[in-house]
Amino acid sequence: MSGITNRAFRKICTMWGAEFSFTEMISAESVLRNFKVVEKMLPKDEINVAVQLFGNDPFKMAQAAQIVEPYAKWIDINAACPVKKVIKKGSGGALLRDLQRLERIIQSVKTAVKVPVTVKVRVGFEENELDAILNTCIKAGADAVEVHGRTVVQQYSGEAYWDLKLSKYTLPTAISGDIYEPEDVREAIERSGAQAVLIARGALRKPWIFAQIVQGRTPSVPEIEQMFLKHLKMQVEEEGERSVYKMRQFVAGYTHGIKGAREFRERFTKANTESQAREMIEEFFNTFLMNGCNNEVVEWIEDSQSRRCCT
Ligand SMILES: Cc1cc2nc3c(=O)[nH]c(=O)nc-3n(C[C@H](O)[C@H](O)[C@H](O)COP(=O)(O)O)c2cc1C
């Protein structure tokens with residue numbers, strides 16, 4: 001996820017049970033032009049991370065793929081992004097309107113690297129044309145596809161479409177879109193016929209969703225506090241003290257449903273250093289825990305968990 005799945009957040013998701021993750025989308029041009037800038041987006045001391053590239057030129061995509069290959073468990077080609085400036089350049093979701101180009105991109109990336117090559121698609125540009133899209137991916141030799149169950153034009157509106165009959169295709173598939181709870185995983189798999197699910201905004205809402213899915217447990221409030229602090233520490237280690245502001249996008253998730261969360265979110269925007277941020281987090285959670293976390297118990301804390309954190 002662009003702007004979100006940096007190293008620190010990927011590591012947090014992995015710690016909580018995510019089996020694999022993706023880098024933010026990285027433009028092939030930027031890899032070729034200024035590798036130093038994109039290098040920090042690439043996996044380091046991580047396993048099972050795919051590097052996602054976007055672009056419109058088969059040759060440049062292949063060159064970029066070769067450069068990032070040593071960092072990547074596999075290469076993922078973005079043919080799904082609906083952002084205007086990406087579409088305008090014929091990249092991302094625009095490739096779904098130009099399947100010949102998509103085919104050439106997949107083929108040339110496949111030829112350039114030894115690691116597997118997957119493609120992130122949507123069900124179509126304006127309408128559902130998944131058949132043509134997936135047949136293109138298969139023909140070009142893609143090793144797997146991930147399908148976001150919306151069209152490009154839809155962007156993020158409406159409900160994601162899961163009834164996709166993906167099992168009829170001869171390559172492995174993953175389904176993406178509106179998977180927020182462990183129950184959604186089973187339903188999305190059953191309805192779509194995919195072998196795997198991808199969780200995007202659900203991980204932003206609660207990064208421990210992977211523990212709920214993989215280990216079948218919801219962490220206690222003190223564990224969530226520790227996770228928040230660890231995330232902050234890793235963010236600063238990776239990108240420096242000035243990047244503390246990047247933690248703001250995770251605050252709503254870590255404090256969701258806890259009394260005073262809204263005020264805390266506002267206060268947190270003023271945290272400029274790691275120690276300021278850490279003190280604020282500790283104070284917020286201490287207040288919550290010292291108050292016995294009774295009426296403020298949050299929706300995602302199951303009964304057993306709330307009992308544990310109150311004793
Ligand atoms: C802020 C944001 C950034 C995203 N960036 C990317 C990206 O870089 N590459 C990609 O393939 N999808 C990206 N997506 C799309 C998600 O991967 C996912 O397919 C989509 O949000 C639907 O899943 P969800 O309902 O679980 O969020 C992004 C989505 C959001 C909300």
Side-chain angles (χ1 to χ4, degrees), residues 1-7 9-10 13 18 20-31 38 41-43 49-55 61 64 68 72 74-87 89 91-96 102 105-106 109 117-125 130 133 137 142 144-162 164 166 173-189 191-192 194 196-210 212-213 246 248-250 252-253:
M1 294 171 84
S2 191
I4 295 169
T5 54
N6 61 7
R7 278 182 197 151
F9 189 52
R10 292 195 302 263
C13 293
F20 54 85
S21 60
F22 296 79
T23 62
E24 304 168 64
M25 56 189 255
I26 302 173
S27 93
E29 289 274 355
S30 65
V31 174
V38 297
M41 297 167 89
L42 298 173
V49 183
V51 175
Q52 191 184 66
L53 294 175
F54 72 99
M61 285 288 279
V68 300
W74 75 88
I75 304 288
D76 189 47
I77 296 169
N78 186 311
C81 178
V83 171
K84 253 197 197 134
K85 67 176 190 214
V86 175
I87 297 284
K89 292 196 170 157
S91 306
L95 292 172
L96 302 184
L102 176 62
I105 289 177
I106 300 169
V109 173
V117 175
T118 60
V119 190
K120 169 80 179 296
V121 302
R122 288 186 174 229
V123 295
F125 191 85
L130 196 59
I133 294 167
C137 295
V145 288
E146 310 98 45
V147 182
H148 177 185
R150 290 185 175 88
T151 62
V152 176
V153 169
Q154 262 185 298
Q155 302 203 359
Y156 295 92
S157 67
E159 260 180 41
Y161 194 62
W162 290 344
L164 295 169
L166 293 172
T173 53
I175 178 82
S176 162
D178 295 354
I179 297 166
Y180 290 111
E181 298 297 333
E183 310 81 81
D184 298 335
V185 173
R186 183 182 304 249
E187 194 183 335
I189 294 253
R191 281 176 46 195
S192 67
V197 294
L198 303 184
I199 296 172
R201 288 169 297 177
L204 198 53
R205 255 189 217 182
K206 46 175 184 180
W208 57 93
I209 187 171
F210 303 105
Q212 291 182 315
I213 294 166
K246 289 196 179 176
R248 289 179 202 162
Q249 58 195 348
F250 301 102

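What you see is a predicted model; the values in this text were computed from it and never measured. For the numbers below, each heavy atom of this structure counts, side chains included, while hydrogens, waters and symmetry mates do not. Numbering of ligands and ligand atoms starts at 1, following listing order.
- Pairing each heavy atom of Asp178 with each of Trp162, the nearest pair is O-CZ2, 3.4 Å.
- Ranking the protein heavy atoms by distance from atom 20 (C) of ligand 1 puts His148 CE1, 3.6 Å first.
- In the candidate list Phe54, Tyr156, Tyr180, Tyr156 is nearest to atom 15 (C) of ligand 1, counting heavy atoms.
- The atoms of ligand 1 that sit less than 4.0 Å from any heavy atom of Ser2 are 3 (C), 4 (C), 5 (N), 6 (C), 7 (C), 8 (O).
- Salt bridge status for Glu24 with Arg10: absent, with no side-chain N to carboxylate O gap under 4.0 Å.
- In this structure, atom 2 (C) of ligand 1 lies nearest to the protein heavy atom Met1 CE, 3.9 Å.
- Considering both main-chain and side-chain atoms, Glu24 never comes within under 3.5 Å of ligand 1 through any nitrogen or oxygen pair.
- Which parts of ligand 1 touch Arg201 is read off a 4.0 Å heavy-atom cut-off, strictly below it: atoms 21 (O), 24 (P), 25 (O), 26 (O), 27 (O), 31 (C).
- Within 6.0 Å of the CZ atom in Arg186, the count of heavy atoms belonging to other residues, nucleotides or ligands does not exceed 12.
- Remark: ligand 1 atoms within the under-4.0 Å shell around heavy atoms of Lys120 are 10 (C), 11 (O), 12 (N), 15 (C), 16 (C), 17 (O), 18 (C), 19 (O).
- Of the protein's non-hydrogen atoms, the one nearest atom 1 (C) of ligand 1 is Ile4 CD1, 3.7 Å.
- Judged purely by atom type and a 3.5 angstrom limit, Ser176 has no side-chain atom pairing as donor or acceptor with the backbone of Leu198.
- Of the protein's heavy atoms, Ser176 OG, 3.3 Å lies nearest to atom 18 (C) of ligand 1.
- Between the CZ atom of Phe22 and the NZ atom of Lys120 there is a distance of 7.5 Å, given to the nearest 0.5 Å.
- Every atom of ligand 1 with a heavy atom of Asn78 under 4.0 Å away is listed here by number and element: 9 (N), 10 (C), 11 (O).
- Tyr156 carries Arg122 over the face of its six-membered ring, with the cationic atom under 6.0 Å from the centre and within 45° of the normal.
- A distance of 7.5 Å separates CG in Asp184 from CD1 in Ile209, rounded to the nearest 0.5 Å.
- Counting the atoms of ligand 1 from 1 in the order shown, those under 4.0 Å from a heavy atom of Asp178 are 24 (P), 25 (O), 26 (O).
- Separating the CD atom in Gln52 from the OG atom in Ser27 is a distance of 12.0 Å, to the nearest 0.5 Å.
- Ranking protein heavy atoms by distance to atom 11 (O) of ligand 1, first place goes to Gln52 NE2, 2.8 Å.
- The shortest N or O to N or O distance between Ile199 and ligand 1 is not below 3.5 Å.
- Contact between Ala160 and ligand 1 is absent, with no heavy atom of the residue lying under 4.0 Å from the ligand.
- Closest approach of Ala203 and Cys13 over heavy atoms only: CB-SG, 4.4 Å.
- With Ala200, Gly149, Ala203 as candidates, the residue nearest to atom 26 (O) of ligand 1 on a non-hydrogen basis is Ala200.
- The backbone N or O of Leu42 lies less than 3.5 Å from a partner atom in the side chain of Arg7, making a donor-acceptor pair.
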